[in-house]
Visitor: 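Pasting in a structure now, in structure tokens, and then I'll have a few things to ask.
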Amino acid sequence: MSTVGDQHSSAADRFRRWISLDTPSGALLLIAAVVAVIWANSPWEAAYHSLAEFEFGPESLHLHLSLEEWAADGLLAIFFFVVGVELKQEFVMGSLRQPKQAGVPIAAALGGMVVPALFYVVIVGAGDPDALNGWAIPTATDIAFALAVLAIFGRGLPLALRTFLLTLAVVDDLLGITIIATFYTETIDFLMLVIALALVVVFAFLVRMRKTHWWMLIPVAVAAWGFMHASGVHSTVAGVLLGFVVPAKYVHGEKESRTHRFDDAVRPVSSAVALPIFAFLAAGVTVVGTDAELIQPVSIGIFLGLVVGKLIGAMGVTALMTRFTPLRLPDSIGVRDLLPVGFLTGIGFTVALLIDELSFVDTDPHAEASKTAILVGSLVAATLAALWLRWDARQTRAADMNRDNVPDRDIDVIGG
């Protein structure tokens, strides 16, 4: 019996490790989105929308929500918990710990958010100023999708490209959740907010104890999420805060940081459950047989913001920082080599769809056009990035990625 149990445990562990990898998690996210789009444009599209709009939950706790809202407010909090843990690890022990190394991708993240927002504001402000509240939609980068494309098509390229993209995307998500908390919160119940923050403090205390117990941590985390939701601040903020209070330094003589432990424990749930379900419920845009006008200033602004604005913003700032400041890129890469990464930042998807839902309700005439633009823009950006990555992979057999006429030797490579 123990052998059977060990085999089941081993199989479960292998699945958890596999689904946490960049490629399968990104593929599952893509499959969920494709199924949603196909269903929403089939003869059974009414059933899809009925499912997404099905409501349940206690009204007294302000939690009588549709399935789509549960996914956006609840399941995405799990994803942002992983983001918070990742941020803590990077700030304390990783690439964000040293300003000289982190400076360029952090600046690139800022540029990659400001320029797309300007694209949107200029285009939509001139043609449809009533829709300016969607300015933040093209500023987001989807970590899961972007890393998946890089893992599949960037094999053999320097690992520094992944580090740069990961740092940029993590900072991008931090700024994205800050935008959500700042600009997409209409009213705040400060009592509920204070209780939520107090529960985050309790979670921080519990997660630092010598022994942590899931049956203590999960109820506190769920309560913090619930009170954050009731406060009017988007509940995904609770996910980031809870993840960020997990200690990244070794405590109580442990040989592994708790950020790594919690990442290993929660990331499979995020990759296999939270993100695919959210993608399935959020990406189902009906374009077949609809009277909605899909090409309008909103969709043009989002598309150009993702495909062009992200590239110009992220790579333009990178070029300026490396030319006019002491900050530098790793020896194995140069600005030219980051161009496909610039396209990868244009894969908005998850966070972009979240901001879209906060900007335009389903009955808004801009809702379908904006979601379509996110999907098409992300697809185009991913395709351009994939083609460029494969070109670079074929051209770098001589291993001189930074074009300094000095062959790079013994560098770590993606998939190596």
Side-chain angles (χ1 to χ4, degrees), residues 32-33 35-36 39-40 44-81 133-134 137 176-177 179-200 202-203 215 217-243 266 269-270 272-286 350-368 370-371:
V35 170
W39 189 356
W44 305 279
E45 58 97 8
Y48 170 84
H49 293 294
S50 296
L51 176 65
E53 294 164 7
F54 176 75
E55 295 183 351
F56 67 97
E59 184 69 50
S60 59
L61 298 178
H62 307 286
L63 292 175
H64 189 72
L65 308 173
S66 67
L67 273 176
E68 187 174 0
E69 290 171 329
W70 274 110
D73 292 357
L75 291 179
L76 272 196
I78 299 174
F79 165 71
F80 278 106
F81 175 85
N133 58 315
I137 295 172
I177 203 69
I179 288 173
I180 290 172
T182 305
F183 296 98
Y184 291 91
T185 299
E186 296 180 359
T187 58
I188 298 178
D189 186 324
F190 285 99
L191 176 60
M192 296 293 103
L193 180 60
V194 169
I195 295 174
L197 295 177
L199 287 168
V200 172
V202 173
F203 185 89
W215 47 267
L217 293 174
I218 291 179
V220 173
V222 171
W225 169 85
F227 279 104
M228 187 68 74
H229 182 274
S231 74
V233 177
H234 200 272
S235 49
T236 51
V237 175
V240 173
L241 294 178
L242 290 167
V266 181
V269 179
S270 173
V273 180
L275 287 179
I277 291 178
F278 170 77
F280 173 74
L281 292 170
V285 184
T286 301
T350 305
V351 182
L353 286 171
L354 174 60
I355 297 175
D356 177 85
E357 294 192 352
L358 296 173
S359 303
F360 307 120
V361 298
D362 289 339
T363 55
D364 193 296
H366 305 104
E368 292 185 355
S370 59
K371 282 190 176 183

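The analysis underlying the following values was restricted to heavy atoms, covering all of them including side chains, and did not include hydrogens, waters or symmetry mates.
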Visitor: OG1 of Thr185 to CG of Leu358: how many Å apart, nearest 0.5 Å?
Guide: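 Nearest 0.5 Å value for the OG1-CG distance: 8.5 Å.
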Visitor: Can you see which heavy atom on Ala282 is nearest to which on Glu357, and at what distance?
Guide: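 Taking every non-hydrogen atom into account, CB-OE2, 3.6 Å.
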Visitor: Can you name the closest pair of heavy atoms from Asp73 and Trp225 and give their distance?
Guide: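 Nearest pair, atom of Asp73 first, then Trp225: O-NE1, 2.7 Å.
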Visitor: Using the rule given for side chain to side chain contact (heavy atoms under 4.5 Å, CB included), can you reason through Phe80 versus Leu242, listing the C-alpha separation, both sets of side-chain angles and the distance that settles it, and then say yes or no?
Guide: CA-CA 9 Å; Phe80 278 106; Leu242 290 167; over 6 Å; no
Visitor: Please report the closest heavy-atom contact between Thr236 and Ala72, naming both atoms and the distance.
Guide: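 Shortest heavy-atom contact: CG2-O, 3.7 Å.
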Visitor: Find the distance between CD1 (Ile137) and OG (Ser370) and round it off to the nearest 0.5 Å.
Guide: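 So the CD1 of Ile137 and the OG of Ser370 are separated by 5.0 Å.
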Visitor: Shortest non-hydrogen contact from Gly57 to Trp70?
Guide: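 The answer is CA-CZ2, 4.4 Å.
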Visitor: Hey, does Leu51 have a side-chain heavy atom less than 4.5 Å from the side chain of Phe280?
Guide: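 Phe280 reaches Leu51 side chain to side chain.
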Visitor: Distance-only, no hydrogens or angles: does the Ser231 side chain make a donor-acceptor pair with backbone N or O of Ile188 under 3.5 Å?
Guide: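 Here the side-chain-to-backbone pair does not exist.
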Visitor: Check Leu76 against Thr350 and note the closest heavy-atom contact, atom names and distance.
Guide: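 Shortest heavy-atom separation between Leu76 and Thr350 comes out as CD2-CG2, 3.8 Å.
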Visitor: Any chance you could measure Phe54, atom CZ, to Leu281, atom CG, to the nearest 0.5 Å?
Guide: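 Phe54 atom CZ to Leu281 atom CG measures 12.5 Å (nearest 0.5 Å).
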Visitor: Does Thr182 use its side chain to pair, donor to acceptor, with the backbone of Ile179 at less than 3.5 Å?
Guide: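 Between the backbone of Ile179 and the side chain of Thr182 there is no qualifying donor-acceptor contact (under 3.5 Å).
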Visitor: Please step through side chain to side chain contact (heavy atoms under 4.5 Å, CB included) for the pair Tyr48 and Val35, ending with a clear verdict.
Guide: CA-CA 11 Å; Tyr48 170 84; Val35 170; over 6 Å; no
Visitor: Can you tell me how far CG of Leu354 sits from CZ of Phe79, rounded to the nearest 0.5 angstrom?
Guide: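 Reported value, rounded in 0.5 Å steps: 9.5 Å.
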Visitor: Quick one, Leu193 with Met228, criterion side chain to side chain contact (heavy atoms under 4.5 Å, CB included). Give me CA distance, side-chain angles, the key distance, then yes/no.
Guide: CA-CA 6 Å; Leu193 180 60; Met228 187 68 74; 3.6 Å; yes
Visitor: Which atom names give the shortest non-hydrogen contact between Phe203 and Ala221, and what distance separates them?
Guide: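 Between these two residues, the closest heavy atoms are CE1-CB, 4.0 Å.
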Visitor: Could you grab the distance from atom CD of Glu59 to atom CG of Leu65, nearest 0.5 Å is fine?
Guide: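 Result: 9.0 Å between the selected atoms.
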Visitor: Measuring from atom CG of Leu67 to atom CD1 of Ile277, what distance do you get when rounded to the nearest 0.5 angstrom?
Guide: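 Rounded to the nearest 0.5 Å, the CG-CD1 separation comes to 9.0 Å.
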Visitor: Quick one: does Trp44's side chain have a donor or acceptor within less than 3.5 Å of a partner on Trp39's backbone?
Guide: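 No, because the side chain of Trp44 does not come within donor-acceptor range (under 3.5 Å) of the backbone of Trp39.
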Visitor: Less than 4.5 Å apart, any side-chain heavy atom of Phe227 and any of Leu197?
Guide: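 No, side chains not in contact.
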